[in-house]
Amino acid sequence: MQVHYLEIVTDDVDGVCETHAKLHGVAFSAGEPQLGGARTAQLSGGGVLGVRAPLSPTETPVVRPYALVADIEATVAAATAAGALVALPPMKLGDHGTCAILIQGGVQLGLWQR
């Protein structure tokens, strides 16, 4: 499994970005509209770290890894057959690819297809 996108949702975007920049020596973008306004930084393994504010009043802070998959539709189908709930069905994110969010056992898992 390869984590393609690691998403942090927080009310303290600037503080979290500053901490990660100091700890890991990365630089964050000003914000990516196609990723919910997330400030992003490149990870050494080729993935991306995104830090953004909640998109709605009901969205709570979370750290959500998005695993890279070859066929997001088939992966969502296999996960639901195994008992996962679909929180966000596959959704195109402009040039970034397609993502989906699953929940199983109270834990959120994202999927990403380029």
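Note: hydrogens, waters and symmetry copies are ignored here, and every other heavy atom, side chains too, is used. The chain is numbered in sequence order, starting from 1.
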So how far is it from [X] [atom1] to [Y] [atom2], rounded to the nearest 0.5 Å?
{"X": "Leu109", "Y": "Gln104", "atom1": "CG", "atom2": "CD", "value": "9.0 Å"}
{"X": "Ile101", "Y": "Leu85", "atom1": "CD1", "atom2": "CG", "value": "13.0 Å"}
{"X": "Gln42", "Y": "Ser29", "atom1": "CD", "atom2": "OG", "value": "9.5 Å"}
{"X": "Gln2", "Y": "Leu68", "atom1": "CD", "atom2": "CG", "value": "5.0 Å"}
{"X": "Leu102", "Y": "Thr80", "atom1": "CG", "atom2": "OG1", "value": "8.0 Å"}
{"X": "Glu7", "Y": "Thr40", "atom1": "CD", "atom2": "OG1", "value": "11.5 Å"}

Student check: side-chain heavy atoms of [X] and [Y] closer than 4.5 Å:
{"X": "Leu6", "Y": "Val63", "value": "yes"}
{"X": "Ile8", "Y": "Leu49", "value": "yes"}
{"X": "Pro54", "Y": "Asp11", "value": "yes"}
{"X": "Val13", "Y": "Arg39", "value": "yes"}
{"X": "Val86", "Y": "Val76", "value": "yes"}

Review point. Do NZ/NE/NH1/NH2 and the carboxylate oxygens of Glu59 and Arg52 come within less than 4.0 Å?
Key: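 Judged by the 4.0 Å cut-off on N to carboxylate O distance, Glu59 and Arg52 do form a salt bridge.
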
Practice item. Without swapping roles, check the side chain of Gln113 against the backbone of Ile72 for a donor-acceptor pair under 3.5 Å. Key: yes

Single-linkage hydrophobic cluster [X]~[Y], side-chain heavy atoms < 4.5 angstrom:
{"X": "Phe28", "Y": "Leu43", "answer": "yes"}
{"X": "Tyr5", "Y": "Leu88", "answer": "yes"}
{"X": "Leu35", "Y": "Val51", "answer": "no"}

Exercise for review: Could you tell me how the ring of Trp112 sits relative to the ring of Tyr66: parallel (under 30°), tilted (30 to 60°) or perpendicular (over 60°)?
Suggested key: perpendicular

**Study point:** Derivation and outcome, side-chain contact (heavy atoms from CB on, under 4.5 Å), residues Arg114 and His96
**Key:** CA-CA 7 Å; Arg114 288 191 258 182; His96 295 284; over 6 Å; no

Practice item. Over all heavy atoms of both residues, which pair between Ala41 and Ala27 is shortest? Give the atoms and the distance, please. Key: CB-O, 3.4 Å

